[in-house]
Amino acid sequence: MPELPEVETIVRSLKAVLKSKQILKIIVYHSRPLGSLKPLVFKRLLQGKVFSEIKRRGKYICFNFEDNSSLIVHLRMTGGFLYQKPNIPEGAKDHLRLAFFLSDGSSLLYQDSRLFGTFRYYPPQAAIAEFLVLGPEPFDKSLTPDAFHSICKGRKLAIKDLLLDQKAIAGLGNIYACEALFQTRLNPFRRASNLTQAECQLLLTKIKEVLRLAIRFQGTSIRDYQNIDRQKGRFQNLLSVYGQASKPCPVCQRPIKRLVQKQRPTFFCPHCQKAPGP
DNA sequence: CTTAACGCCTGAAGGC
DNA sequence: TGCCTTCAGGCGTTAA
């Protein structure tokens with residue numbers, strides 16, 4: 001479900017409510033998000049911890065605690081957090097998998113219908129395996145146009161598939177990969193290695209533009225995504241191509257096309273995003 | 001090393 | 001209405 005803008009939105013909200021609060025008690029309703037870690041061990045590790053920093057890296061949420069241990073969460077398709085203030089009537093809670101009860105009477109709930117999401121605990125000073133293989137953040141200064149061009153060079157796969165490769169660049173998913181390619185007027189099926197330096201430069205600029213705007217609109221809510229207060233994003237109203245199959249292209253009015261690429265739908269305008277040459 | 005298919009799950013939506 | 005099929009904001013594993 002969530003890509004960089006949705007995770008960023010969630011992290012900003014979590015920061016505002018969790019800082020300095022202590023985990024008093026945890027209930028594990030389903031152990032799958034914990035992977036191989038046994039629920040009792042998970043509880044023993046985390047009960048008593050006090051939240052310090054909460055950060056995003058790619059699509060990961062990184063909860064840091066005051067003792068420098070951390071909890072790395074990936075929401076995958078349908079994972080989501082819900083924050084319950086103290087003494088407020090509770091709404092419906094479908095697919096509740098984990099509950100963290102906090103020192104001020106509030107609670108942080110984890111819901112995930114499809115159970116793809118993951119939680120992993122890291123003791124202080126441990127290297128976070130997930131981050132070691134992650135590509136650069138789109139907004140990181142080290143990701144210059146030349147650096148991005150180097151990433152594309154030598155990759156034979158389609159540029160859209162490269163954008164989805166978290167080892168190449170972190171944070172993009174199907175929605176924003178399609179949207180950024182449309183804004184660049186690049187065909188999603190072009191080989192990454194065939195892109196010119198100028199095309200890579202423009203693509204990187206458009207990736208950042210699209211992500212910035214989506215963050216400003218608090219993400220895209222098409223089916224499941226909502227913030228920790230159940231607020232939906234509004235970027236779905238600004239989508240140019242994603243989910244717009246057979247609707248008119250906002251630029252040329254010709255119908256948007258949906259093709260399956262690597263088992264996943266790709267939305268694009270065949271006219272504005274010209275097919276690769278021979 | 002890179003690439004592509006498959007599997008993990010469940011609920012919503014669409015077709016008949 | 002109801003049943004059946006298809007589809008989904010992701011990614012780790014496996015095989016080639």
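Reminder, nothing fancy here: chain letters follow the sequence lines and each chain counts from 1.
Across B:dC9 and C:dT13, the matching P atoms stand 14 Å from one another, rounded to whole Å. Spacing of P atoms, B:dA13 relative to C:dG9, comes out at 15 Å, to the nearest Å.
Among the heavy atoms of the strands, none lies under 4.0 Å from A:Phe235. A:Thr220 comes within contact range of at least one nucleobase, with a heavy-atom separation under 4.0 Å. Residue A:Asp112 is out of contact with every strand shown, counting any heavy-atom pair closer than 4.0 Å.
Considering only side-chain atoms of A:Lys59, the nucleotide from B:dG11, C:dA8, C:dC11 that sits closest is C:dC11. When each of B:dT2, C:dG9, C:dC11 is scored by its nearest atom to the side-chain atoms of A:Ile175, the top-ranked nucleotide is C:dG9. Taking only side-chain atoms of A:Leu157, from C-beta outward, the nucleotide of C:dA8, B:dA4, B:dC9 with the closest atom is B:dA4. Distance from the side chain of A:Lys262 is smallest for B:dA5 among the nucleotides B:dT10, C:dC11, B:dA5. For A:Arg76, taking side-chain heavy atoms from C-beta onward, the closest of the listed nucleotides B:dT3, C:dA8, C:dG12 is C:dG12. With distances taken from any side-chain atom of A:Arg258 to the nucleotides C:dC7, C:dG9, B:dT10, the minimum falls on C:dC7. In the set B:dT10, C:dC7, B:dT2, the nucleotide with an atom closest to the side chain of A:Arg155 is B:dT2.
By the 5.5 Å and 30° criteria, A:Phe116 is stacked with the base of B:dC8.
A:Ile222 has its CD1 atom 16 Å from the P atom of C:dC7, to the nearest Å. Taking atom CD on A:Gln218 and atom C1' on C:dG9, their separation rounds to 17 Å, with Å as the unit.
A cation-pi contact, defined as under 6.0 Å to the ring centre and within 45° of the axis, is absent between A:Arg44 and A:Phe42.
Legend: side chain to side chain donor-acceptor pair (under 3.5 Å) pairs involving residues 224-236 of chain A, not counting sequence neighbours, sorted by first then second residue: A:Ser13-A:Asn227.
Between A:Arg97 and A:Asp112 there is no salt bridge, since no side-chain nitrogen of the basic residue lies less than 4.0 Å from a carboxylate oxygen of the acidic one. Salt-bridge check for A:Arg57 with A:Glu137: passed, with a basic side-chain N closer than 4.0 Å to an acidic carboxylate O.
Taking a pair as Watson-Crick or G-U wobble with both distances under 3.5 Å, the runs of three or more consecutive pairs in DNA chain B are B:2-8 with C:10-16, B:10-16 with C:2-8.
Ring-plane geometry between A:Phe81 and A:Phe119 is classed as perpendicular, the angle between the planes exceeding 60 degrees on a 0 to 90 degree scale with a lower cut at 30. Using cut-offs of 30° and 60° for the angle between ring planes, the A:Tyr176 and A:Phe235 rings count as tilted.
Between A:Gly154 and A:Arg114, the residue anchored closer to the 5' end of DNA chain B is A:Gly154, taking for each the nucleotide with the nearest heavy atom.
Phosphate proximity of B:dT10 to A:His95: absent, as no side-chain N or O sits under 4.0 Å from OP1 or OP2.
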